[in-house]
Asker: 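One structure coming up, written as structure tokens, with questions to follow.
All ligand and atom numbering here is 1-based and tracks the order in the structure. What's counted below: heavy atoms across the whole structure, side chains too, no hydrogens, waters or symmetry copies. The first residue of the sequence shown is numbered 1, and numbering continues consecutively from there.
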Amino acid sequence: MGKVTEAGVTVAMDGTSPEMWGGRSGKAGPVTRGAWLQDSRFAMFIHWGLYAELAGEWRGKRYHGIAEWIMNRAQIPVAEYEQVAARFNPTGFDALAWVRLAKAAGMRHIMITAKHHDGFALFKSAVSSYNIVEATPFRRDPLRELADACQAEGLRLGFYYSQTADWHEPDGVGNSWDWPAEGRDFKRYLRTKAMPQIAELLTNYGPVAGIWFDTPGPITPAESKELVELVHRLQPDCLVNSRIGNDLGDYDTLGDQEIPRLPRPGLWETPDTHNDTWAYARHDHNWKGPREVAERLVRVVSRGGTYMLNVGPDGSGRIPELSARILREVGQWVDAHTEAIHGAGPTPFGPLPWGECTTRGNRLFLHVFQWPDSGRLVVPGLRSKGVSARLAGGGELAVQEVAGAVVLSLPLARPRTLIPVITLELAGPADASRTAYVLNGCRNPLEAGVANRQHCDLQAVSWMEKFGDWKHAECLGGWRLGESVAAWDFQTVEPGAFVLDVEYTCPEAGDYSEWRLEVGGTAVVFPLLDTGERARRAVFGWGELPRFRSYRVGILDLPGPGPCRLSLQPLDAAGAAVRITALVLTPVV
Ligand code: H79
């Protein structure tokens, strides 16, 4: 059964934690290798291998969650899994079609699984005959064809290589159903398979943009270092991601699906699934739509990172049509806003209630996720003078400079596009404040991560709903009666009336806890009921799922313009079990 540590991170019984799988290089220094990643900003991740043929099903049973884990989940013996290779014949594979789709989506590089945890090489290998050319009727080398297609279309190509887990080899990590872990010689696996195959990838396919390592697990610092040196010796410009483990690597790969709340320095990326699996699963229809994909891309770029969105081609070699259609729609938007994405810089603002901002030189790109129906958009904290504004696909916008903000007059009708973008031209670098604002006419989340805390903690909570489909939240927890206070300091530009909702979870069964909230000299007392979580064995020992709910406290008047503080504290000991992700202020209508 999983448990929550004091830091609030959900960890497994065996001591592995999401961090163990999500590794950080800890680097935030100047970019030395791979500055191109800064410009790329949007990449296609591809998970393709024998598991695509299985499509998330084994012997008539569906396995929900990450489908590339099916060998592990169904505990398929090596001998039986090898039979999948004997029938894998993806004749619909068309390297140029994949590369052109990536390009049409506005993506600038591709990262594909050369070898995943199942140990099967998606390339011609002299090291192991367990590869697509020798072990399948297909007999072609997709990585060769992709390298040629990328070269022809001007995209960079990199290779995912699972350096620790290899369920096909007795000396690789992770296959407990064919062999006992005792007697495993991991170093031998590194020397005889992983290192020589990585050398093949870096020798036979031209310039390689990066080797994408994953799930370092028990790999030692010396072993990680040896792999890094191997990569850089063969191709000095080839990037190594932080999942090589042991704080090494040229840039940080954040957790799966993890988008940081604040701008983050250094070179980093967020890997994301298009639905709830990396590899193709016939039963997974939960695609992120074009607007959601574009918003996630913008959120990553506005914090300074690169967004790597995954597709899972099927057993015939085709990228699912719905996934492809959505990417093409995203691409039309990216194409129209390339300056706001490719090579764009992070936001100079604090949290913007209505959207995000990316930058380029003296230009700010305002990505308006929530189009105001008032015809006014407040750009809070912008002190620059002489600002001009233009709406993409529209015209110049009237600009009014007020104290500590710029107000734009917008057309009442939301432009028909995925995300309306407004370009602000400034006379010099943006003079902007990172202060939080609560604005009339929008939904204003006051997030846990931006609260001032006294005697309570900020907890990173990660969980899965199916299997391997990571979800993340930051919560305020560790509440102590009589001591804990969380306070949000923000500005308003005018007075306003808002509905206040508390977004929280409280697994403890039984009574409610009582809370006190104070704002603008008014105190409000309210109860929070428990949210009735229970342990779920089906989620593989990772414990209970948080069941976040929203509790409506009521209507509050906020003063303005000026600074405002909203503070929150528990009024009884039962508050200890409550974890709050945000207070949300929405306009009263
Ligand atoms: O390639 C994709 C995943 O297959 C791979 N990384 C992304 C990019 C990945 N491998 N492992 N993980 C991600 C971490 C997942 C760990 C879990 Fe489990 C799988 C948690 C529960 C099931 C391993 C087995 C840890 C606990 C049990």
Asker: Is there at least one pair of N or O atoms, one from H116 and one from ligand 1, spaced under 3.5 Å apart?
Answerer: yes

Asker: Hey, which atoms in ligand 1 end up nearer than 4.0 Å to a heavy atom of M464?
Answerer: 20 (C), 21 (C)

Asker: Between W58 and Y81, is the gap from one ring center to the other below 6.0 Å?
Answerer: no

Asker: Is ligand 1 under 4.0 Å from a heavy atom in the side chain of D256, in the backbone, in both, or in neither?
Answerer: side chain

Asker: Within the structure, does T215 bring an N/O atom to less than 3.5 angstrom of an N/O atom in ligand 1?
Answerer: no

Asker: Rounded to the nearest 0.5 Å, what separation is found between the CZ atom of F123 and the CD1 atom of I112?
Answerer: 11.5 Å

Asker: Kindly identify the option in W212, W69, F467, Y160 whose heavy atom sits closest to atom 11 (N) of ligand 1.
Answerer: W69

Asker: Considering distance alone, does some N or O of W278 sit under 3.5 Å from an N or O of ligand 1?
Answerer: no

Asker: Any atoms of ligand 1 less than 4.0 Å from a non-hydrogen atom of H47? List them with their elements.
Answerer: 1 (O), 2 (C)

Asker: For K225, look at atom NZ and say whether over 12 heavy atoms of other residues, nucleotides or ligands are found less than 6.0 Å away.
Answerer: no

Asker: Can H232 and R33 be counted as having a side-chain donor-acceptor contact under 3.5 angstrom?
Answerer: yes

Asker: Parallel, tilted or perpendicular: which fits the ring planes of F45 and H47, with parallel below 30° and perpendicular above 60°?
Answerer: perpendicular

Asker: Whether R243 and D256 form a salt bridge (side-chain N of Lys/Arg under 4.0 Å from carboxylate O of Asp/Glu) is what I want to check.
Answerer: yes

